[in-house]
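Some notes on the structure that comes next.
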There are 2 protein chains.
Amino acid sequence: MKYTASELTIFTKHIFTACGMNEADAALAADVLVAADMRGIDSHGVARLSGYVRLHQAKRAKMNPEWKIIHQTPSTATIDADQGLGLTVAPKAMEIAINKAKQVGTGWVAIQNSNHFGIAAYHAMMALEHNMIGIAMTNASPLVAPTFSKERLLGTNPMCYVFPAGKHQPVVVDMATSSAANGKLEIAQRTGKPIPLGWVQDKEGNDTTDPFALSKGGALLPLGSAHDAAGHKGYGLAAVVDIFSAVLSGANYGPWVPPFVAFLDPLNNLPGKGIGHFVGAMRVDAFRPYEEFIAHMDNWIARFKSASTTTHNERVIIPGEPEFMQYEIRKKEGIELNEKVLDDLMKLGHEMQITFPS
Amino acid sequence: MKYTASELTIFTKHIFTACGMNEADAALAADVLVAADMRGIDSHGVARLSGYVRLHQAKRAKMNPEWKIIHQTPSTATIDADQGLGLTVAPKAMEIAINKAKQVGTGWVAIQNSNHFGIAAYHAMMALEHNMIGIAMTNASPLVAPTFSKERLLGTNPMCYVFPAGKHQPVVVDMATSSAANGKLEIAQRTGKPIPLGWVQDKEGNDTTDPFALSKGGALLPLGSAHDAAGHKGYGLAAVVDIFSAVLSGANYGPWVPPFVAFLDPLNNLPGKGIGHFVGAMRVDAFRPYEEFIAHMDNWIARFKSASTTTHNERVIIPGEPEFMQYEIRKKEGIELNEKVLDDLMKLGHEMQITFPS
C-alpha cells in the first residue's frame, strides 16, 4: 500500500493532537516524521510514531513542554526542552541558532531534557533557506560498543552537515557514527541471512555474522570497526556527538541515555536530563560572498560527479543525492509502508480513534 | 638514536631561520613539528621538515607571509595566509578564534592560501588553556578515492575535536577520515606484508592487499570502506572537511589541492589559493558552567575507562589517551628517529650548515 505525504502528515498530526499536543507543534512534528519517509529514511518516519505516543503514555515525554533558554551568549544558547519531543524542540533550537548567525555570523544551540528528534537532516536543512550551513547531531540510546568494550556505551549518534549549492542540490552528509544502521540489520533479520563482519559483535565482544546477535546481548560496532584499529575512529566520532549533545547541554550521556522504547526504564541516578542534541547554523557570507561559495560548490559537485569510476557503480554519488532522488520518486509515487508498520499505525489509529487513510 | 624535544626543536628552528623565517615564527613552527613527535605522530613531526624546506626552495611557500584577515563578523573570520606555512598561520588563526569566542561565545576561522599545518591537535589544543573546546581540520593532497571513484579526489582530510576535562586528560579526537593512515601503509611496505582489505584500492578500483598499490596508481579508501556501503560515510566526512577548509575559505579543493611534495607541480587552472584549513573555539561556559562541564567529562571518562572489555584489550581507551602516554614516555626517554628520517635530517643540516645534535 502506498500513501501520499499529505495523507500520512494529516494522520500523524491528528495522532499528536489526540495526545494533547497543540496544533502548531503537531503539524511540525508530523512534518519532521514524514520528511524522513519522503527522503527514504523509513526507520525514522511514521514507523516511529507509536514509539513517541508510548513515551507520552509512560509520562516520559510532554506534548506541550515549557521549554526555555537557560543560558546564552551572542553566538550560543542552551535549552531545557522540559521533556518535550526533539521533533518540535530541535526546529525551535535551530531557529534560535539561525537568528544568532544572522547577528554574529554563527549560532550554536545545545539542548538538554529532550526526546528523539527524528532525522538530523530536517533540522540542519532549515539553514538552507537562509543561505547558511546547517549542523545537527544527537545522542541516542546505547547500542554501540566503543573499541574493546563488551558493553554498549554509545548510541548510533548521528552527525549531519548541510552545505548549500547553486544549480545542484545541496550536499547533505547525514550519518550514524556506527558501522551499520539498525535498518540494515532489520532487513538481514527478515531474510535471516548472515551479516558482514564488522557490523555487530556478540555478547562476548567477538566478531559475528549472526543478524540476531544484537538482541542476544551483543552490540553494534562503531564506523570503521572491521579494519585493523580503525574502529577507534567511529568510536571517537560517536564520543564527539555524545559530548556536544549531552555533556555540554546537561543531558544524559553514554550508558545513561534513556531508551527510546517506553517498555525499557531509564537507569537510576542519571547524571543529566533526558537525551541531548546539538545544532548549529553558519552564515556562508560570514566567510566569503554567498554567490562565490555556491559557484565553487557547484564546481566541486560537478567534478566529483564526473570522476572516472570503478566497476561498482556508473557514477560517484554526492552525499545526500540518494535522499533527494527518493524524495522526487515518492512525491510522484507515494510512500510505501511495510506490513509491520502499516499494522502498527492502524492499531494506533484505532486506539486513538483517528481514521487511518485507506 | 634518541633525541630530546629540546634538541630537535632547536635544530628545527635553526633550519627555518636559515630559510629566512623570523625568530618567533621559526620557534612556533618548530614547536608544532616537535609536538607531533612527542605525541607519537611520527609521520607529522621532524620527518616532514625537509618537505617544508623544499616547498620554500620551490617558491611555493613563503617564510614570512603577510597573512591578513580578508573578511570577518563577530564570530567568524577568513584569512589569506599569503602562501605561508600552516605551521605558523594556523596557530594565529586559532588565536583569533579564541579571541572571538571570548567576545561572543564561539569563534571560527577559515584559512585559504596556506600550506600543510602539521598535526591538527596542536591547533585545537590551544583552546584548552582558555577553558574552551577546540576544533581544527585541513584538506590535503588528493590520495583518497570517494566511494565508486577510480580517481583520487580527496586528501586524508583530518578532523580534530578537543574537549577539556578535570582530573583526567582532555578528550582529543584527531583522525584522518581515510581508513588507514599513510604511516601504517609505510610500515607494511617496509615489511612487504599484505595489508588488510579496505585500506587501499588498486588503479582499477579493486580491493587489494598489495602494500604498494598506492604508488602503482591506486588510492587510499575512506573510513568504513570495507563494509558493505559504509565507505560512503568516510567519504562524506572527508567532503565535510574539504568544504569547510577550502570551498568556504577560497582555497583549492578536491583534486586541485596542491601536492605537499615539492617535486610534484600543482595542476593548472586552480579554482582557489593554496590549501585550506578551518579552526574553531567554543567557550564551555557559553553553554554551561565550566566546573559542571569538566565534572561530567571526568564522569564520562571514568565510566568508559571502567567498561567491561572484550579479550582484545584490558581496558577501553579514551580518545587521545595513547598520545598523552607517548608524550610522557618520550619526555623521559627521548624521541627515537628512524634511520631514513635521521639520514634526511643530517643531509638537510649539512646543506643548510646547521649542526644536527649528536
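In the text below, chain A, chain B and the rest are named by the order of the sequence lines, each starting its count at 1. These values consider heavy atoms only, across backbone and side chains, with no hydrogens, waters or symmetry-generated copies.
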query: By a 4.5 Å heavy-atom criterion (distance strictly below it), what part of B:Ile133 contacts chain A: side chain, backbone, both, or neither?
result: side chain

statement: Of the listed B:Val240, B:Thr78, B:Leu154, B:Thr147, the one with the largest count of heavy-atom pairs under 4.5 Å with chain A is B:Val240

task: Could you tell me whether the side chain of A:Asp202 and the main chain of A:Ala213 form a donor-acceptor pair under 3.5 Å?
output: no

query: So, B:Trp256 versus B:Asn269: side-chain donor-acceptor pair below 3.5 Å or not?
result: no

message: Quick one, A:Glu151 with B:Arg303, criterion salt bridge (Lys or Arg N to Asp or Glu O under 4.0 Å). Give me CA distance, side-chain angles, the key distance, then yes/no.
response: CA-CA 11 Å; A:Glu151 294 183 76; B:Arg303 179 64 183 86; 2.7 Å; yes

- request: Check each atom of B:Phe304 against the heavy atoms of chain A and say whether the ones under 4.5 Å are side chain, backbone, both or neither.
  value: both

field: Contact summary for A:Val144 and A:Gly155, nearest pair of heavy atoms
entry: CG2-O, 3.4 Å

task: Examine distances only and state if a side-chain atom of B:Asp298 and a backbone atom of B:His168 form a donor-acceptor pair shorter than 3.5 Å.
output: yes

- prompt: Do A:Asn139 and A:Phe278 touch side chain to side chain, with heavy atoms closer than 4.5 Å?
  reply: no

- prompt: For B:Glu204, is it the side chain, the backbone, both or neither that has a heavy atom under 4.5 Å from a heavy atom of chain A?
  reply: backbone

field: When A:Gly234, A:Gly105, A:Ala286 are compared by non-hydrogen pairs under 4.5 Å with chain B, the top option
entry: A:Ala286

- prompt: Of all heavy-atom pairs between B:Gly236 and A:Val173, which one has the smallest distance, and what is that distance?
  reply: O-CG2, 3.6 Å

message: Taking side chain as everything from C-beta outward and backbone as N, CA, C, O, which of these in A:Gln201 sits under 4.5 Å from a heavy atom of chain B? Side chain, backbone, both or neither.
response: side chain

- prompt: Which atoms of B:Ala77 come close to chain A, meaning under 4.5 Å heavy atom to heavy atom: side chain ones, backbone ones, both, or neither?
  reply: backbone

- request: Check for a donor-acceptor pair, side chain of B:Ser245 on one end and backbone N or O of B:Val241 on the other, with a separation under 3.5 Å.
  value: yes

statement: Assert top hit (heavy-atom pairs under 4.5 Å, partner chain A, pool B:Val172, B:Asn299, B:Ile318) equals B:Asn299

query: What part of B:Ala145 gets closer than 4.5 Å to chain A, counting heavy atoms only: side chain, backbone, both or neither?
result: neither

task: Below 4.5 Å from any heavy atom of chain A, which atoms of B:Ile317 appear? Answer side chain, backbone, both or neither.
output: both

- prompt: Using non-hydrogen atoms only, which part of B:Val171 is less than 4.5 Å away from chain A: side chain, backbone, both, or neither?
  reply: side chain

message: Taking NZ in A:Lys102 as the centre, count heavy atoms belonging to other residues, nucleotides or ligands within less than 6.0 Å. Is the count above 12?
response: yes

message: Please classify the contact between B:Phe293 and chain A as side chain, backbone, both or neither, with a heavy-atom cut-off of under 4.5 Å.
response: both

- prompt: Where the side chain of B:Thr209 meets the backbone of B:Pro196, is there a donor-acceptor pair that is under 3.5 Å apart?
  reply: no

field: Contact origin within A:Asp174 toward chain B - heavy atom pairs under 4.5 Å
entry: neither

- prompt: How far apart are the closest heavy atoms of A:Tyr235 and B:Pro319, and which atoms are they?
  reply: OH-CD, 3.6 Å

- request: Check whether B:Arg315 gets within reach of chain A through its side chain, its backbone, both or neither, counting any heavy atom under 4.5 Å.
  value: backbone

query: Just by distance, do the side chain of A:Arg152 and the backbone of A:Gly218 share a donor-acceptor pair under 3.5 Å?
result: yes

message: Taking side chain as everything from C-beta outward and backbone as N, CA, C, O, which of these in A:Ala101 sits under 4.5 Å from a heavy atom of chain B? Side chain, backbone, both or neither.
response: neither

message: Between B:Phe287 and chain A, with a heavy-atom cut-off of 4.5 Å, which part of the residue counts as in contact: side chain, backbone, both or neither?
response: both

message: Quick check against the 3.5 Å criterion: does A:Lys305 have a side-chain atom that pairs as donor or acceptor with the backbone of A:Trp300?
response: no

message: As an exercise: rank A:Val109, A:Thr76, A:Asp242 by heavy-atom pairs under 4.5 Å with chain B and give me the winner.
response: A:Thr76

task: Output the option from B:Gln72, B:Met282, B:Gln112, B:Glu292 having the highest count of non-hydrogen pairs under 4.5 Å with chain A.
output: B:Met282

field: chain A contact via B:Ile135 - side chain, backbone, both or neither, heavy atoms under 4.5 Å
entry: side chain

- line: Of the listed B:Asp285, B:Thr310, B:Thr177, the one with the largest count of heavy-atom pairs under 4.5 Å with chain A is B:Thr310

statement: Comparing B:Leu248, B:Thr73, B:Leu153, B:Thr106 against chain A, the one with the most heavy-atom pairs below 4.5 Å turns out to be B:Leu248

message: If I measure from the heavy atoms of chain A, does B:Ser308 come under 4.5 Å with its side chain, its backbone, both, or neither?
response: both

- request: For each of A:Met297, A:Arg283, A:Lys100, A:Gln103, tally heavy-atom pairs with chain B at distances under 4.5 Å, and name the one with the top tally.
  value: A:Met297

statement: Per-residue tally against chain B (heavy atom, under 4.5 Å) across A:Glu314, A:His296, A:Met159 peaks at A:His296

field: Check: B:Asn252 side chain, B:Val257 main-chain N or O, donor-acceptor pair, under 3.5 Å
entry: no

